[in-house]
2 protein chains.
Amino acid sequence: MGKPNLSKGEMEIARVLWEIGPAAVRAVHEATCQQRDIDFSTVQTYLRRLEAKGYATSTLQGRIRIYAAKEKPQAVIRDTVNDLVTRLFGGNAMPLVRHLIEEQSIDADDISELKQLVSQLEETRNDSPEDRETRS
Amino acid sequence: MGKPNLSKGEMEIARVLWEIGPAAVRAVHEATCQQRDIDFSTVQTYLRRLEAKGYATSTLQGRIRIYAAKEKPQAVIRDTVNDLVTRLFGGNAMPLVRHLIEEQSIDADDISELKQLVSQLEETRNDSPEDRETRS
DNA sequence: TTGATTCACGTACAAGCGTACGTGTAGACT
DNA sequence: AGTCTACACGTACGCTTGTACGTGAATCAA
């Protein structure tokens with residue numbers, strides 16, 4: 001029952017939609033082709049499919065059809081990343097985190113944020129009684 | 001030139017192949033269906049396609065065909081994650097890291113490793129002269 | 001030796017995907 | 001009014017994916 005999956009191409013367009021908010025095909029196309037050569041019609045098709053799959057809505061504003069994202073990015077991101085972690089890492093998230101930290105471009109600001117995130121996580125762990133059982 | 005992409009299903013099988021090393025279809029199937037209900041023939045097809053795409057090799061050992069991964073996991077992981085980061089996060093890796101740390105199951109051991117990784121990264125940054133230009 | 005089991009291998013087939021063209025029409029320009 | 005332009009919408013098409021069946025050969029059990 002959960003909506004059908006998004007393909008890679010569809011995801012790309014969905015992300016742009018989230019980023020720029022409700023927009024006409026042209027706007028989405030312009031934002032997208034900034035980064036990648038892609039035909040107007042192709043974007044249009046993706047938007048149509050996005051709507052067909054329930055990830056976007058659209059209304060006619062005069063003659064122009066305006067598309068808007070329907071699902072929150074969080075949900076889609078969670079599902080997608082979960083799937084990736086399952087298939088490529090057998091369900092264990094750490095290898096992916098490791099990979100990202102080691103191989104991807106993380107700048108100085110990111111490092112401080114990371115440090116913060118980690119300490120935060122540490123705290124949360126300490127005063128959550130649910131984890132008591134973990135301490136065998 | 002670069003080998004064609006792996007689909008999700010193919011990736012799943014590729015991961016198993018990396019994990020258990022060179023193996024017959026049956027072994028791969030058994031390892032896989034531990035986690036997911038999947039037909040023997042389906043696994044077989046995936047292995048064939050993996051070979052067709054250049055990600056695996058196979059040889060007949062008697063009557064049994066043994067498949068072995070060809071590419072190193074690293075390369076495939078890098079490409080796949082890169083693609084995901086591009087499409088879903090517009091090329092910025094941090095949101096994904098954040099997501100993983102916040103939403104996925106990271107246990108106590110992982111936290112210490114993370115702390116280590118981050119400090120290591122910090123060091124590397126400090127004595128790498130290449131980054132000098134970054135300091136405007 | 002005969003029947004059952006186990007494979008490899010070819011084949012299938014519908015749905016999904018990436019990419020795009022063509023046609024018709026509604027405003028914009030002249 | 002006539003032409004240009006931009007857009008919606010339908011349609012297309014070859015490729016990939018997910019999933020699997022059937023056939024024939026080889027091996028094992030009796």
Side-chain angles (χ1 to χ4, degrees), chain A residues 2-17 22-33 35-68 76 79-80 83-84 86-88, chain B residues 2-17 22-33 35-68 76 79-80 83-84 86-88:
Chain A
K3 321 197 179 286
N5 280 12
L6 291 182
S7 75
K8 295 171 170 205
E10 288 160 355
M11 243 186 279
E12 198 178 2
I13 300 302
R15 181 183 59 79
V16 172
L17 244 200
V25 182
R26 181 134 311 261
V28 176
H29 173 243
E30 248 144 40
T32 307
C33 73
Q35 336 208 223
R36 195 167 78 85
D37 194 22
I38 189 170
D39 192 276
F40 178 87
S41 303
T42 305
V43 173
Q44 197 171 33
T45 300
Y46 279 140
L47 284 169
R48 261 186 254 134
R49 308 228 257 235
L50 239 25
E51 181 166 27
K53 290 190 175 181
Y55 287 95
T57 358
S58 76
T59 40
L60 276 176
Q61 203 105 107
R63 317 276 142 269
I64 308 290
R65 186 166 289 280
I66 303 291
Y67 286 88
V76 175
D79 292 351
T80 307
D83 190 80
L84 183 80
T86 304
R87 304 217 191 229
L88 199 47
Chain B
K3 321 199 177 287
N5 281 12
L6 292 182
S7 74
K8 294 169 170 207
E10 288 160 354
M11 244 186 279
E12 198 177 3
I13 300 303
R15 180 183 59 78
V16 172
L17 244 200
V25 182
R26 181 135 312 264
V28 176
H29 174 242
E30 248 144 40
T32 307
C33 74
Q35 337 204 222
R36 197 166 77 86
D37 192 23
I38 189 169
D39 192 276
F40 178 88
S41 303
T42 305
V43 173
Q44 197 172 34
T45 300
Y46 279 140
L47 284 170
R48 261 186 255 135
R49 307 229 256 234
L50 238 28
E51 181 166 27
K53 289 188 174 183
Y55 288 95
T57 357
S58 77
T59 40
L60 276 176
Q61 204 103 108
R63 316 277 145 271
I64 308 289
R65 186 166 288 281
I66 303 291
Y67 285 90
V76 176
D79 292 352
T80 307
D83 191 80
L84 182 80
T86 305
R87 305 216 189 229
L88 200 47

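Just so we're clear, the structure is a prediction, and the values are computed from it rather than from any experiment.
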Nucleotide [N], atom [atom2] - distance to [atom1] of [X] in whole Å:
X: A:His29; N: D:dC7; atom1: NE2; atom2: C1'; value: 13 Å
X: A:Lys8; N: C:dG16; atom1: NZ; atom2: C1'; value: 14 Å
X: B:Asp37; N: D:dG18; atom1: CG; atom2: C1'; value: 14 Å
X: B:Asn5; N: D:dT16; atom1: CG; atom2: C1'; value: 11 Å
X: B:Glu30; N: C:dC7; atom1: CD; atom2: C1'; value: 13 Å
X: A:Phe40; N: C:dG22; atom1: CZ; atom2: P; value: 16 Å
X: B:Leu6; N: D:dG18; atom1: CG; atom2: C1'; value: 15 Å
X: B:Glu12; N: D:dG18; atom1: CD; atom2: P; value: 9 Å

Identify all pairs in which a protein N or O lies below 3.5 Å from an N or O of nucleotides 26-30 of chain D, and state each distance.
unit_1, atom_1, unit_2, atom_2, d
D:dA26, O3', B:Arg63, NE, 3.1
D:dT27, OP1, B:Arg63, NE, 2.7

Is there side-chain contact between B:Gln44 and B:Leu47, with at least one heavy-atom pair below 4.5 Å?
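No, too far: nothing below the 4.5 Å cut-off.
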4.5 Å side-chain heavy-atom contact, B:Asp79 and B:Leu6:
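Not touching, per the 4.5 Å side-chain cut-off.
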List for me each residue that meets side-chain hydrogen bond (donor to acceptor under 3.5 Å, both in side chains) alongside A:Asp39, sequence neighbours excluded, and say none if there are none.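 By the side-chain hydrogen bond (donor to acceptor under 3.5 Å, both in side chains) rule, A:Asp39 matches A:Ser41.
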State which residues pass side-chain hydrogen bond (donor to acceptor under 3.5 Å, both in side chains) with B:Arg87; sequence neighbours excluded, sorted by chain then number.
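B:Arg87 satisfies side-chain hydrogen bond (donor to acceptor under 3.5 Å, both in side chains) with A:Glu12, B:Asp83 only.
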Taking side chain to side chain contact (heavy atoms under 4.5 Å, CB included) as the definition, give me every residue that meets it alongside [X], ordered by chain and number, with sequence neighbours left out.
X: B:Thr86; answer: none
X: B:Ile38; answer: B:His29, B:Thr32, B:Cys33, B:Arg36, B:Thr42, B:Val43, B:Tyr46
X: A:Asn5; answer: B:Lys8
X: A:Glu51; answer: A:Ser58, A:Tyr67

Residues of residues 42-60 of chain B with a heavy atom under 4.0 Å from any atom of DNA chain D, listed by number, are B:Thr42, B:Thr45, B:Tyr46, B:Arg49, B:Lys53
**Asked** Would you say a side-chain N or O of A:Arg65 is under 4.0 Å from OP1 or OP2 of D:dC7?
**Response** no
Residues pairing under salt bridge (charged side-chain N to carboxylate O under 4.0 Å, His left out) where one sits in residues 53-62 of chain A, two or more places apart or in two chains, turn out to be A:Glu10-A:Lys53
Requested in this report: Find which nucleotide of DNA chain C each of A:Asp39 and B:Ala24 is nearest to by heavy atoms, and output the residue with the more 5' nucleotide.
Outcome: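 First, find each residue's nearest nucleotide; the 5'-ward one identifies B:Ala24.
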#### Entry: Gap between atom OG1 of A:Thr59 and atom CD1 of A:Ile64 - 0.5 Å precision
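Answer for the CD1-OG1 pair, A:Ile64 versus A:Thr59, is 11.5 Å.
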- Side-chain donor/acceptor of B:Tyr55 to backbone N/O of B:Met11, under 3.5 Å: no
* Counting any heavy atom closer than 4.0 Å, what does B:Arg36 reach on the DNA or RNA strands: base, sugar-phosphate only, or nothing? -> sugar-phosphate
Check the interface with nucleotides 1-6 of chain C: list each N/O to N/O pair with the protein under 3.5 Å, or write none.
none

Check your understanding: Out of D:dC21, D:dT19, C:dC21, which nucleotide sits closest to the side chain of A:Ser41?
Key ->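 When the side chain of A:Ser41 is considered, C:dC21 is the closest of D:dC21, D:dT19, C:dC21.
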Item to check | Any residue meeting salt bridge (Lys or Arg N to Asp or Glu O under 4.0 Å) with B:Arg15, in chain and number order, not counting sequence neighbours | outcome: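 For B:Arg15, the residues satisfying salt bridge (Lys or Arg N to Asp or Glu O under 4.0 Å) (neighbours in sequence not counted) are B:Glu19.
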